[in-house]
Amino acid sequence: MRPLTIAACLTLGLFAAPAGAQDAAPAAGDPARGHQLTYTCVGCHGIAGYKNAYPNYHVPKIGGQSQTYLVNALVEYRRGTRSHPTMQAQAQGFSDQDIADIAAFLSGLQ
Ligand code: HEC
């Protein structure tokens with residue numbers, strides 16, 4: 001885990017052109033789009049305002065988390081630097097923009 005590197009990438013993402021900024025997630029996310037992307041997450045994660053379909057399933061709460069934390073976690077799952085088969089599978093299909101949108105939505109909950 002290199003939170004500082006990722007934070008630096010996020011900051012640079014504000015100024016860098018979208019092309020070539022492969023690893024840097026865009027700083028601004030669209031919460032409405034993020035909402036649509038998180039429908040599949042709800043079954044496992046007890047997001048505030050949602051019913052947790054699996055009360056006995058131990059999963060971290062992601063609603064209301066800081067945006068930076070959520071982006072870092074998802075980017076790390078996608079890269080494989082944070083290891084968890086389920087979440088790596090989830091994050092695999094996300095673009096940087098998807099992750100930014102998801103983080104924008106989830107961090108606004110609660
Ligand atoms: C099949 C169940 C399942 C689904 C579906 C799922 N997750 Fe997870 N998620 C988990 C588990 C279990 C963990 C804890 C993994 C670990 O220990 O690293 C986790 C961890 C996370 C974390 C890290 C939280 C932390 O506190 O560090 C984030 C962020 C996250 N998930 C986001 C999502 C998003 C966004 C989606 C939907 C696109 C999603 N998850 C879908 C089970 C799931």
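All ligand and atom numbering here is 1-based and tracks the order in the structure. Everything quoted here is computed from the prediction, not taken from an experiment. Side-chain atoms are counted along with the backbone in the values below, which use heavy atoms only and exclude waters and symmetry mates.
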Next on the checklist: If we count only N and O atoms by modelled type, under 3.5 Å, do the side chains of Asn72 and Glu76 hold a donor and an acceptor together?
Outcome noted: no

Checklist entry - If you count the atoms of ligand 1 from 1 in the order shown, which ones are under 4.0 Å from a heavy atom of Ile102? => result 35 (C)

Item to check | Contacting atoms of ligand 1, where contact means under 4.0 angstrom from a heavy atom of Leu70 | outcome: 29 (C)

Is a donor on one side and an acceptor on the other found under 3.5 Å between the side chain of [X] and the backbone of [Y]?
X      : Y      : result
Gln65  : Ala103 : no
His45  : Pro60  : yes
Asp101 : Asp30  : yes

Just going by heavy-atom distances, which of [options] is nearest to [atom]?
atom                    : options             : answer
atom 13 (C) of ligand 1 : Cys41, Pro60, Ala89 : Pro60
atom 16 (C) of ligand 1 : Tyr69, Phe94, Tyr77 : Tyr77
atom 15 (C) of ligand 1 : His84, Gln88, Gln90 : His84

Next on the checklist: Please confirm whether Lys61 approaches ligand 1 to less than 4.0 Å, judged on its heavy atoms.
Outcome noted: no

Item to check | Plane angle bin for Tyr77 and His84 - parallel if under 30°, tilted between 30 and 60°, otherwise perpendicular | outcome: perpendicular

Item to check | Heteroatom test (N, O or S) for Cys44 near atom 8 (Fe) of ligand 1, limit 2.8 Å | outcome: no

Checklist entry - Strictly under 2.8 Å, is any N, O or S atom of Met87 next to atom 8 (Fe) of ligand 1? => result yes

Item to check | Residues Arg78 and Asp96 bridged, charged N to O under 4.0 Å | outcome: yes

